[in-house]
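None of the values given here were measured: they were computed from a predicted structure.
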Amino acid sequence: MSNHGNFIVSLGDVCRYLAKKAEALGVEIYPGFAAAEVLFENGAVAGIATGDMGVGKDGHHKTGFAAAWNCAANTPCLPKARAAA
């Protein structure tokens, strides 16, 4: 295998770099929040709804519980979710 003249980079570092650039342009990034539902308005995507975080297997709230919330956006950008292993 030949890799002469190419760069090897950390994908995590590239993502952090791009996130800083995007935030400097006014983009809001919310890592760690999974979209539970896509919100539509007049047939167009208007944002997302998150799910509750910090709920135990028994359905009770754990320490650090965070209730679901809606995130409306003029231009929502939803990344592709990772497939479950």
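- Counting non-hydrogen atoms of neighbouring residues, nucleotides and ligands closer than 6.0 angstrom, the OH atom of Tyr17 reaches no more than 12 such neighbours.
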Output a table of donor-acceptor pairs, distance under 3.5 Å, between side-chain atoms of residues 33-57 and any protein atom two or more places apart or on a different chain; print 'none' if there are none.
{"from": "Thr50", "atom 1": "OG1", "to": "Trp69", "atom 2": "N", "distance (Å)": "3.0"}
{"from": "Thr50", "atom 1": "OG1", "to": "Trp69", "atom 2": "O", "distance (Å)": "3.3"}
{"from": "Asp52", "atom 1": "OD1", "to": "Ala68", "atom 2": "N", "distance (Å)": "2.7"}

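- Side-chain contact between Val9 and Leu11 is absent, with no heavy-atom pair separated by less than 4.5 Å.
- Scanning for side chain to side chain donor-acceptor pair (under 3.5 Å) contacts around Asp13 gives Arg16, with sequence neighbours left out.
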